Amino acid sequence: MKYNPHELEVKWQDYWEKNRLFKVVEDLSKEKYYLLEMFPYPSGKIHIGHVRNYTIGDVVARFKRMRGKNVLHPMGWDAFGMPAENAAIENNTHPARWTYDNIEAMKLQLKRMGFSYDWDREFATCDPEYYQWEQLVFLEMYEKGLAYKKKTFVNWCDKCQTVLANEQVEDGCCWRHPDLEVTVREMDSWFLKITAYAEEILEYCDKLPGWPDRVLTMQKNWIGKSYGAIIRFPMVGSDEEIDVFTTRQDTVFGATFMCLAPEHPLVKQIIRGLPQEKEVLEFVEQTLRMDSVTRTADFTAKEGAFTGRYCLNPVTGEEIPIFVANFVLFDYGTGAIMAVPTHDQRDFEFAKKYGLRLRVVIRPPGGDLDEETMSEAYVDEGILVNSGPFNGQRNLEALDSIAEYLGSIGKGHKTVNFRIRDWGISRQRYWGAPIPIIYCDRCGTVPVPKEDLPVVLPLDLQMRPNGASPLPLEPSFFKTTCPRCMGEARRETDTMDTFVESSWYFDRYACPDYSEGPLDPVRVDYWMPVDQYIGGIEHAILHLLYSRFYARVLRDLGHHRVSEPFTNLLTQGMVCKETEECPEHGFLYPDQVKDGKCILCGTGIITGNIVKMSKSKKNVVDPQGLIERYGADTVRMFCLFASPPDKDLEWSDQGVEGSYRFLNRVWRLVNTHIEKIRGVRPFDGKAALSGRSRSLFRKTHETIKKVTEDIENRFHFNTAISAVMELINELNQFLNSGEEIDETDWSVAREAVEAAVILLFPVVPHITEELWHMLGHDDSLLKVPWPSHNESALQTETRLIVLQVNGKVRSRIQVPAAYGPKEIEREALVDERIRRFVGEKPIKKVIVVQNKLVNVVV
RNA sequence: GCGAGAGUGGCGGAACUGGUAGACGCGCUGGAUUUAGGAUCCAGUGGGAUAUCCUGUAGGGGUUCGAGUCCCCUCUCUCGCACCA
């Protein structure tokens, strides 16, 4: 019988679905295991990255199930977002229609891959039944001051026509549009107070041993905690004081000027009416107009403008000029710095450019510095000089006492500063969850009463061709009455960042039908936290940081009890492929290349680097086509076999072919011998074996051990698969050698076949179900417990000992397993080849490693 | 610039705590089968000389009886951060 993947895969998918084998309910008698893969945006088609991600997850889910765990393995849709709006405009349809159609299509594809999801828990984040709870939580956060509105400088992406959070800006560009730099706008925006949890989120980074270090490092850097001081500089000619943040209060005696960020609100205030006013304003405007890449680039010179005002250095009492400077970040610290040109390279360059004073306050140990001749700032450790009472101290040791001194004179205090900013969630978009707020001319900002939730996103709107949200132009949506005074009022027309939805969807999977509140405490308590989370590294900061924040918010609002949502995190590598480029037609899809030539013009193509598959480079393979050609099992197997999950996977058509051949080999092996195998029971390990069957028996149990360990401890599916390949190879030799096979041999063979089928099941569930059935079993492999190896099967009568002379392998001998070190050494020294290599040289030392090797040192 | 990770055949990758380097797969070579091709099966496959060795895990040095694995230096690549005061 020929291996027909298509037919048998669909058959088993129907079987699983009809028998509801992936359905899971809470069961206190079993240990729970919550396995989650990052849910997809419903773009309409699964891509190969999804296939890899979800295959890895499916193997673990099926494996854990067979290991007796109660496995929650859900799937749903991250369904709000821009692409739906764009597609709707392009195709003259509606984002909702487009989204739900896409969900249908992708769901079919996921089912065709044979993934073991409990589809009863499915939801889309654009369902009002989902986002109504998000709105409720927003109101609860508003009550606690964790959600607030402020007018501030925000990142604006022109293509998205919306504001972005800091986390969504990469290299100064929108994370969705790497070619378009974001611009700065001053706008009213809603923020979630992630800074209130910065300390806890940071601290817990060290309590997540199941996370990759690099993700934690990235999060730590993003949070950016630093220890320093706030120092107050009194203004000359007014009662105002300017606060600066510094980590280098040891250099305060050397602060000879001050710089403000161009956005700093004090700037406009202090220059009012001065001759410098116009020039400074021009400089500010010019700087703010610059895109952030240019503004913060290395090669951008440090520039500024003198405000005409002075303040007092609080420790020297000296008047120092106040500048506005392009390199000072409004976002960090207080948006103002004390400049110490002698000990900070940026300040040094600035001082040189504008001819400002320098004063050395740290000298190198055993050396000296001269303001006149120094050509760069001295940033290393040293001894304090020109620093009043602190002269002679080591600078780092004086950090605390200088901070205390500042406190004693009322001019500062020690502090901790974070780089992370609050999460801006306002989006000027249509296809998102409405922010449940009403603005009333009399009552101001009024939250929508909880009983009026949800604020439903109206679906009967016409998309606007320019891409802007229709909500602010839609009276039926924004016109409302104020809940307080019942007067005319206007709804908030911004929607929430879609990362809000993805910050708690995993909680909702535990109780998708709960209608009393966002989360059912009982069921969430059973399932959360997620035991294993699997997804792309690209969310190292964005989604994973927001989710850690949101978990704490939900905890403190009393919705659940966990702090960390994901106990273990696996970040899978990208799927890569070489690009193919025609000099005439640019990048080509794989099917536009034939025999190394462009099918459009026949020109020879240029093969490019192996890079992440992307539509823009056209180096993509379509999973649908692969499924049609080879079946889902082959695709699943190749995704796992080509490399370990955390590394990048290089796509290879020949590699796929190899996986397909292997499945065919397994298929043929069972089919060829099915009559004989069905006639015996699997070997029970009781009778004594010898020779070939003993060896096959051992191999079977070695394989069980290896595959179990590889999946359980390391997620190394590639080596697990190769171990089963070895078993299949040995089995093939065993059955096809031409030697006689007796009844016992057949039963050993049957045990080996069944082991291979079971061990392969999580990887290639369809073909193995079929083979299992052919072997005479009625039940699904899903109900078969994972095998454990037989320790006595692993034992050998003899051991291979490697013999070395001076560390080089010279011979190998078999010795009885019972031999101790003395006997092994004796055998080694009489070995003919060893004697030849030792020759007449005196033996200095013999090292015996039990069961492994002997090294003779001469 | 700072931080993290990596560098192993023609290719993807094995080698888990220092102990046979190259498992498994792809590709390639030879053979069998076949009208032919494909598929399948058997044998071989790091390099160099050759019937017994030499050499080999980016390069150099070190520790050790023994190093792909540990330590130091250099190079290359990938990723992250990058005027953070």
Side-chain angles (χ1 to χ4, degrees), chain A residues 170-171 212-222 224-226 228 244-249 251 255 259 261 295-298 300-302 325-329 331-340 343-347 349-350 417-420 537 540-541 573-574 610 637-638 641-644 646-659 661-662 664-665 668 706 709-710 713-714 716 718-726 728-729 732-733 736 800-812 833 836 844-849 851-858:
Chain A
E170 294 170 358
D171 296 329
D213 284 340
R214 58 192 195 118
V215 174
L216 293 173
T217 307
M218 281 161 73
Q219 293 210 349
K220 284 182 199 167
N221 290 341
W222 185 262
K225 182 180 185 179
S226 55
V244 305
F245 170 75
T246 181
T247 56
R248 295 296 307 275
Q249 63 267 27
T251 63
C259 292
R295 187 176 156 191
T296 60
D298 257 352
T300 305
K302 289 165 188 34
N326 63 350
F327 69 92
V328 179
L329 305 172
D331 249 7
Y332 186 76
T334 62
I337 62 159
M338 64 173 202
V340 185
H343 304 293
D344 182 288
Q345 186 58 26
R346 295 158 300 182
D347 300 347
E349 286 166 30
F350 195 86
N417 188 60
F418 290 93
R419 196 189 92 116
I420 191 171
I537 186 78
I541 292 180
M574 297 176 298
I610 295 161
M637 182 169 147
F638 177 72
F641 182 63
S643 63
D646 53 321
K647 293 217 185 131
D648 286 351
L649 181 151
E650 194 181 309
W651 194 263
S652 143
D653 293 336
Q654 286 161 336
V656 179
E657 202 75 48
S659 296
R661 281 211 294 263
F662 170 72
N664 268 289
R665 248 190 350 264
R668 264 196 318 275
K706 169 126 182 88
E709 287 170 357
D710 280 353
N713 309 333
R714 309 201 297 164
H716 276 204
N718 56 335
T719 51
I721 292 168
S722 67
V724 182
M725 285 175 166
E726 284 184 53
I728 294 291
N729 290 347
N732 256 319
Q733 276 170 20
N736 300 329
L800 178 73
I801 304 292
V802 172
L803 304 184
Q804 299 179 328
V805 178
N806 287 345
K808 284 187 180 168
V809 180
R810 297 301 181 188
S811 181
R812 298 177 176 87
R833 290 175 46 85
R836 207 175 75 227
K844 278 194 203 150
K845 206 170 173 186
V846 180
I847 285 137
V848 181
V849 181
N851 300 334
K852 279 214 175 110
L853 63 70
V854 177
N855 188 12
V856 183
V857 187
V858 297

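Throughout, protein chains are lettered first and strands after them, A, B, ... in sequence-line order, and every chain is numbered starting at 1. If you're wondering where the values come from, they're calculated on a predicted model, not measured in any experiment.
- Among the heavy atoms of the strands, none lies under 4.0 Å from Lys844(A).
- For the C1' atoms, the distance linking rG46(B) with rA15(B) amounts to 16 Å, nearest Å.
- Each of rC79(B), rA15(B), rA85(B) was ranked by its minimum atom distance to the side chain of Thr719(A); first place goes to rA15(B).
- Donor-acceptor pairing under 3.5 Å, judged by distance alone, is present between the side chain of Lys302(A) and the base of rC83(B).
- Ile721(A) comes within contact range of no nucleotide atom at all, as no heavy-atom separation falls under 4.0 Å.
- At a cut-off of 3.5 angstrom, the base of rC81(B) holds no donor-acceptor pair with the side chain of Asn221(A).
- Of the candidates rG27(B), rA15(B), rC84(B), rA15(B) carries the atom nearest the Arg714(A) side chain, counting heavy atoms from C-beta on.
- One atom, CZ of Phe641(A), and another, C1' of rC26(B), lie 9 Å apart when rounded to the nearest Å.
- Between rC77(B) and rG59(B), the two C1' atoms lie 15 Å apart (nearest whole Å).
- Ranking rA4(B), rC26(B), rA85(B) by closeness to the Thr246(A) side chain, first place goes to rA85(B).
- Applying the 90° criterion around 0 to the glycosidic angle, rG60(B) comes out anti.
- For the P atoms, the distance linking rG48(B) with rG38(B) amounts to 29 Å, nearest Å.
- In this structure, Ile537(A) places its CD1 atom 11 Å from C1' of rG5(B), rounding to the nearest Å.
- rA4(B) atom P lies 18 Å from atom CD of Gln219(A), rounded to whole Å.
- Closest to the side chain of Arg668(A), out of rA85(B), rC41(B), rG25(B), is rC41(B).
- Distances were taken from every side-chain heavy atom of Gln654(A) (C-beta onward) to each of rU20(B), rG25(B), rC26(B); the shortest belongs to rC26(B).
- Figure legend. rU33(B) is base-paired to no nucleotide; pairs are counted as Watson-Crick or G-U wobble with both atom distances under 3.5 Å.
- In this structure, Asp646(A) places its CG atom 11 Å from P of rG13(B), rounding to the nearest Å.
- rG1(B) is paired with rC81(B) under the Watson-Crick or G-U wobble criterion, all donor-acceptor distances under 3.5 Å.
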Item to check | Test log, rule side-chain contact (heavy atoms from CB on, under 4.5 Å), inputs Ser226(A) and Phe418(A) | outcome: CA-CA 6 Å; Ser226(A) 55; Phe418(A) 290 93; over 6 Å; no
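- Between Phe662(A) and Phe641(A), the distance separating the two ring centers is not shorter than 6.0 angstrom.
- Nucleic acid contact for Asp648(A): sugar-phosphate only, since backbone atoms but no base atoms lie under 4.0 Å from a heavy atom of the residue.
- Among the protein residues, Val849(A) comes within range of the nucleic acid bases, having at least one heavy atom under 4.0 Å from a base atom.
- Taking only side-chain nitrogens and oxygens, Arg665(A) comes nearer than 4.0 Å to OP1 or OP2 of rG25(B).
- We find the CZ-CE distance between Arg665(A) and Met725(A) to be 6.5 Å, quoted to the nearest 0.5 Å.
- If you check rG13(B), rG25(B), rA85(B) against the side chain of Leu329(A), the one that comes closest is rA85(B).
- Here Lys706(A) lies in heavy-atom contact (under 4.0 Å) with a base.
- For the pair Lys647(A) and rA6(B), the criterion of a side-chain N or O lying under 4.0 Å from OP1 or OP2 is not met.
- Pair assignment for rA39(B): none, as no Watson-Crick or G-U wobble contacts are both less than 3.5 Å.
- rU17(B) and rC84(B) have their P atoms separated by 39 Å, given to the nearest Å.
- From Asn718(A), atom CG reaches atom NZ of Lys647(A) across 8.5 Å, with rounding to the nearest 0.5 Å.
- Asn664(A) comes within contact range of no nucleotide atom at all, as no heavy-atom separation falls under 4.0 Å.
- Closest contact between the side chain of Arg346(A) and the listed nucleotides rA85(B), rC26(B), rG12(B) involves rA85(B).
- If you check rC54(B), rC41(B), rA15(B) against the side chain of Arg810(A), the one that comes closest is rC54(B).
- Looking at Arg419(A), its side chain does come within 3.5 Å of a backbone N or O of Trp222(A) through a donor-acceptor pair.
- One N or O on the side chain of Ser643(A) and one on the backbone of Asp648(A) form a donor-acceptor pair closer than 3.5 Å.
- Comparing Glu709(A) and Gly658(A) along RNA chain B, the residue whose closest nucleotide (by nearest heavy atom) sits nearer the 5' end is Glu709(A).
- Following rounding to the nearest Å, Ile420(A) (CD1) and rC84(B) (P) show an atom-to-atom distance of 18 Å.
- No contact: Gly224(A) has no heavy atom under 4.0 Å from any strand.
- Under 4.0 angstrom from either OP1 or OP2 of rG19(B) there lies no side-chain N or O belonging to Asn855(A).
- Taking atom C1' on both rU63(B) and rU69(B), the two are 14 Å apart, rounded to the nearest angstrom.
- The nucleotide rG22(B) finds no pairing partner, because no Watson-Crick or G-U wobble arrangement with both distances shorter than 3.5 Å includes it.
- Here, rA85(B) and rG80(B) have their P atoms 22 Å apart, quoted to the whole Å.
- As judged by a 4.0 angstrom heavy-atom cut-off over every strand, Ser652(A) is placed among residues making no nucleic acid contact.
- Closest to the side chain of Arg833(A), from the set rA14(B), rG25(B), rC53(B), is rC53(B).
- Proximity of Arg419(A) to the phosphate of rA82(B): a side-chain N or O atom is located under 4.0 Å from OP1 or OP2.
- Across all strands shown, rC75(B) forms a Watson-Crick or G-U wobble pair, both distances under 3.5 Å, with rG7(B).
- Side chain of Asn736(A) to backbone of Asn732(A): a donor-acceptor contact under 3.5 angstrom is found.
- Both Ala642(A) and Ser226(A) lie near RNA chain B, and the one whose nearest nucleotide falls closer to the 5' end is Ala642(A).
- Nucleotides rC16(B) and rA6(B) have their P atoms positioned 14 Å apart, rounded to a whole Å.
- A donor-acceptor pair under 3.5 Å links the side-chain atoms of Asn326(A) to the main chain of Ala301(A), judged by distance alone.
- In this entry rA51(B) has no Watson-Crick or G-U wobble partner, no candidate having both defining distances under 3.5 Å.
- Remark: rU64(B) base-pairs with no nucleotide; criterion is Watson-Crick or G-U wobble with both hydrogen-bond distances under 3.5 Å.
- Between rA58(B) and rU8(B), the distance separating the two P atoms is 6 Å to the nearest Å.
- Pair assignment for rC16(B) gives none, since no Watson-Crick or G-U wobble pairing has each distance under 3.5 Å.
- Checked by distance alone, Gln804(A) brings a side-chain donor or acceptor within 3.5 Å of a matching partner on the base of rG19(B).
- Counting any heavy atom pair closer than 4.0 Å across all strands shown, Val244(A) reaches no nucleic acid atom.
- A donor-acceptor pair under 3.5 Å is formed between the side chain of Asn806(A) and the backbone N or O of Val858(A).
- A distance-only check finds a donor-acceptor pair linking the side chain of Arg833(A) to the backbone of Arg810(A) [under 3.5 Å].
- For Glu650(A), taking side-chain heavy atoms from C-beta onward, the closest of the listed nucleotides rC11(B), rA23(B), rU20(B) is rC11(B).
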